[in-house]
Amino acid sequence: MNNFTYTRATSLSDAVNQAVADQNSMFIAGGTNVVDRLKVFLDQPSQLIDISRLQMQQIELMADGSLRLGALVSNTAVADHSDIRRNYPILARAILSGASQQIRNLATVGGNLLQRTRCPYYYDTAFACNKRQPGTGCPAITGINRTHAILGASEDCVAVHPSDMCVALAALDAVVEVESSQGQRQIPFVDFHRLPVNTPQQDTNLEPGELITAVVLPPASFAKSGVYLKIRDRASYSFALVSVAAAVNLEGEQINAVRLAMGGVAHKPWRATAAEEFLIGKSADAIHFTQAAEIALQEAKPLTHNSYKIELVKRAIRRALTISAQAGGLV
Ligand code: SF4
């Protein structure tokens, strides 16, 4: 760990102004990923700005029926909240499938969005890595890549985004609120994270100095039937090999609303919009769910060791859609 100064922000404007004044500073809240990275020199900030005491710890029901999750609400508090469990169960299930109880108690909404890939080459500074040091190369492309991307990768990086919560947020049409010295703006969740292209060092579309203040869940009747399926090497405390967030609503026998997102397959949570469009108006049956899974993976490009992910995620999609459709006809 290198030397850095530590400061505790006294207000939102204090936090963003300090970030502008020192462009090599970092925000810290729960620190569950940041401290790991500091310890192995992945991040070497000149200053840590502690935002953990700021007033962003509320879950609020807004006048338009949306639910606003403050950026500092813990993952545990989100998963335990009665409105989340009742109206957005997909989000509670995704959070509870990740990390450990101790980590979820500290990890925050904003921090979950900003956690970085667990590509082993990224964490091992004995290897080159374009995400850690642009232009040095990507050993994962020719190395051990069974956990890496099958969609949206580039010649510069084949890493996947590690979050479970973010897959659910992508399916739920969430919106990210951010604050900077220029004011506030909102970013649709599907546009928040980036594909690697030729700048894999950038995970998100946040501008320098911008701070996440909240994530907003719009009202969504379809969300009550949401399902999160996570496939991993061991039963707990493990990142997804693949995951699927699915929510299906039926009118009679026909699908009138559907959301489908995948995790563990790309540099960002992957929303399968073409498969969603295909399913609208179709009957909720195995044939259509199989066809939707084919559409969702039609652009998949496996690496040497991860072609198994294609069939695995197709089966997970079929299963998640089937379970959700059974629930969606009842809510
Ligand atoms: Fe680095 Fe990305 Fe390659 Fe992993 S996949 S070694 S994070 S450039």
Side-chain angles (χ1 to χ4, degrees), residues 1-2 24 26-28 31-45 98-99 103 107 110-167 170 190-206 208 230-234 237-243 261-271 297 299-310 312-313:
M1 199 180 288
N2 69 314
N24 192 34
M26 288 179 69
F27 296 121
I28 186 166
T32 55
N33 185 217
V34 168
V35 173
D36 285 348
R37 301 201 310 262
L38 290 174
K39 285 194 285 194
V40 291
F41 299 97
L42 292 180
D43 294 307
Q44 300 186 42
I103 291 173
N112 197 306
L113 272 57
L114 296 178
Q115 62 176 307
R116 305 203 76 183
T117 184
R118 281 1 186 246
C119 170
Y121 297 105
Y122 168 68
Y123 278 84
D124 189 340
T125 53
F127 288 91
C129 171
N130 285 327
K131 186 178 283 295
R132 189 173 357 98
Q133 199 171 352
T136 56
C138 173
I141 290 174
T142 53
I144 310 274
N145 48 40
R146 71 181 285 274
T147 61
H148 289 74
I150 54 173
L151 287 164
S154 74
E155 292 180 357
D156 285 347
C157 181
V158 293
V160 297
H161 195 265
S163 169
D164 294 297
M165 185 177 94
C166 289
V167 182
V190 290
D191 297 331
F192 183 80
H193 295 99
R194 298 177 74 259
L195 290 177
V197 199
N198 58 0
T199 51
Q201 69 275 20
Q202 289 176 253
D203 290 347
T204 73
N205 285 313
L206 282 177
K230 178 174 179 177
I231 318 294
R232 46 191 158 174
D233 278 331
R234 58 174 188 261
Y237 198 42
S238 183
F239 292 97
L241 295 171
V242 300
S243 67
M262 294 177 276
V265 297
H267 197 259
K268 61 185 285 185
W270 192 271
R271 181 80 177 262
L297 273 298
E299 291 175 10
K301 290 196 178 92
L303 300 162
T304 314
H305 304 121
N306 69 1
S307 57
Y308 74 95
K309 282 194 178 189
I310 295 177
L312 189 62
V313 76

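Atoms within each ligand, like the ligands themselves, are counted from 1 in listed order.
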Going by the atom numbers of ligand 1, which of them fall below 4.0 Å from some non-hydrogen atom of [X]?
| X | answer |
| --- | --- |
| Tyr122 | 7 (S) |
| Cys138 | 3 (Fe), 5 (S), 8 (S) |
| Tyr121 | 6 (S) |
| Cys129 | 1 (Fe), 6 (S), 7 (S), 8 (S) |
| Pro139 | 6 (S) |

Exercise. Does Asp156 have a non-hydrogen atom less than 4.0 Å from ligand 1?
Worked result: yes
For this session: Tell me, please: is Pro200 in heavy-atom contact with ligand 1, that is, under 4.0 Å?
Result: no
For this session: Run the salt-bridge test on Asp156 and Lys131 with the 4.0 Å N-O cut-off and return the result as yes or no.
Result: no
Problem set entry | Side-chain donor/acceptor of Lys39 to backbone N/O of Val34, under 3.5 Å | no
Problem set entry | Derivation and outcome, ring-ring contact (aromatic ring centres under 6.0 Å, His included), residues His161 and His193 | CA-CA 9 Å; His161 195 265; His193 295 99; 4.3 Å; yes
Problem set entry | atom 3 (Fe) of ligand 1 to nearest N/O/S of Cys157 less than 2.8 Å | no
Exercise. Is the distance between atom 2 (Fe) of ligand 1 and the nearest N/O/S atom of Cys119 smaller than 2.8 Å?
Worked result: no
Exercise. Do the rings of Tyr121 and Phe127 sit parallel, tilted or perpendicular, given the 30° and 60° boundaries?
Worked result: perpendicular
